[in-house]
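Below, chains carry the letters A, B, ... as their sequence lines are ordered, and counting in each starts from 1. Since we're looking at a predicted model, the values are computed, not measured.
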Protein chains: 2
Amino acid sequence: MSLSLVETVSRRIITLARHHSSDRLPTERDMSAKFGVSRGVVREAAKRLELQGLLEIRQGSGMKVVDKLHKPLSSAVNMLVPDEKQRLYQLTEVRLALEPENARLAAERAKPSILKKLRGAHERLMNCRDFETQVLADMEFHCLIAEASGNKIGALLMQSLSDLLQSSLSHGYRLVTKDKAVADHYKIFMAIMAHNGNAAADAMRKHLLNARNDLTLKNRKLAPP
Amino acid sequence: MSLSLVETVSRRIITLARHHSSDRLPTERDMSAKFGVSRGVVREAAKRLELQGLLEIRQGSGMKVVDKLHKPLSSAVNMLVPDEKQRLYQLTEVRLALEPENARLAAERAKPSILKKLRGAHERLMNCRDFETQVLADMEFHCLIAEASGNKIGALLMQSLSDLLQSSLSHGYRLVTKDKAVADHYKIFMAIMAHNGNAAADAMRKHLLNARNDLTLKNRKLAPP
DNA sequence: AGATCCAATTGGTCGGACCAATTCAAGTAT
DNA sequence: ATACTTGAATTGGTCCGACCAATTGGATCT
């Protein structure tokens, strides 16, 4: 069972990306010459990697190495549940499963460096003046907790959920007020700092229940589906 | 911000797939003529859909519509955590978060038709004679519970986890003995049938803790990472 | 120094040719 | 009549050179 040429070239691009001093890759034409294959094969291989979240490709500009392995899941969820309200409810249910455990594991495992980042995100949320910054800080807080859990798969899931949530929030949906989020995040943060797994998990659960109960679109509270 | 031709053709292929009487799609050459684009564009569009888990493509044979939206996540997780033992441990942690909630929601929401399927999977596990059938029935049981929860996103995550687990199990890893799995699944099933969410979640949690504690490779019990 | 312009560069698309894998109809053997 | 084999047609995989669309960076102008 031999690999297709495209598969082989995909792997060579990954290797190249890992050893390249810049985040910029050679052009399609250069790689075609370098690997001894047609430009179409390079193109197809690069497109695979783009879809997998490993490259970003711009016409006229070239290819850039990125690390966004969560992107395919975000796309899949969008396709699976096209209705945004439904999607938000289901995302919140999944969050109610995942995030209390993230918080518990973070309380047990978090390193000082990441706790520092977490404090930074919390402070950015407290101090923010515009909605966009609020959303970014809020989601960053949650992603850092997932990262602090030490479970890479959980962190990838959280990054994807975060992207999806950000997209909905930019379409007018609202989960919780800033004040409630700040208060809830503070409790979560303090429990993690105190290495109290149960308290962290409980605080996260309450935060997400608040989010579910307060779901609004354009200042209109939504009924559950 | 206009769509690229490839993106446009991708969407047209999806529409075609949804309205086509067979699960077989027209050839690259036919779609090229039908859509008025070059064969390269059709090819690239089709490859996108293949990577997204919506098509399967075979040289000499053509394209088949499938529904495997979970595949991109499985690939991403494989890339993220290449080490299989690490991956299994992390998968089990994620399962410990997700699956008790799946079981709880299944207890609240499951319809008779899916409970019947669940019973079927349980019976297949009880009666199986070979390891491969055991694995399939075991994973099917878990995926049906996720489906019974009514949360499509949770079900997609579970399908992906299931694929990943099956892959590891085919490489020699073992999670629990068949007898333990049968006994644990029975408790989960009975709690779901009784619409007792808490009992279902507890039974699932215990089952997964057993799985974590019993992780072996080639009859050798593994230490946690 | 900052703004504008434009040619070079890079990705996107096209079409025709040829190669590799699969399918199925026709022919052969039992 | 049934089972097996063969080979041509079909379908996807790759190649090549040409041309189109978007971006970049150097040159020029203010």
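- For the pair A:Q59 CD and C:dG11 P, the interatomic distance rounds to 10 Å; values are reported in whole Å.
- Of the candidate nucleotides C:dG11, D:dG12, D:dT14, D:dT14 has the atom lying nearest to any side-chain atom of A:S4.
- Here the P atom of nucleotide D:dG13 and the CZ atom of B:R43 are 4 Å apart, to the nearest Å.
- Side-chain N/O atoms of A:K47 include none lying less than 4.0 angstrom from OP1 or OP2 on C:dG11.
- In this structure, CD of A:E28 is placed 14 Å from P of D:dC15, rounded to the nearest angstrom.
- Nearest to the side-chain atoms of B:R29 among the listed nucleotides D:dG13, C:dT10, C:dC14 stands D:dG13.
- Closest approach to the B:R58 side chain among C:dT22, C:dG11, D:dG12 is made by C:dT22 (side chain taken as heavy atoms from C-beta onward).
- With hydrogens and angles ignored, a donor-acceptor pair under 3.5 angstrom links the side chain of B:R39 to the base of D:dG13.
- Rounded to a whole Å, the CE atom of A:M63 is 18 Å from the P atom of D:dA22.
- Counting only heavy atoms from C-beta on, A:I57 has its side chain closest to C:dG12 among D:dT23, C:dG12, D:dG13.
- Along DNA chain D, the nucleotide nearest A:G60 and the nucleotide nearest A:V41 are compared for position; the residue whose nucleotide lies closer to the 5' end is A:V41.
- Residue A:S61 has its side chain nearest to D:dT23 when only D:dT23, D:dC15, C:dG11 are considered.
- Checking the phosphate oxygens (OP1, OP2) of C:dC14, a side-chain nitrogen or oxygen of B:S38 falls inside 4.0 Å.
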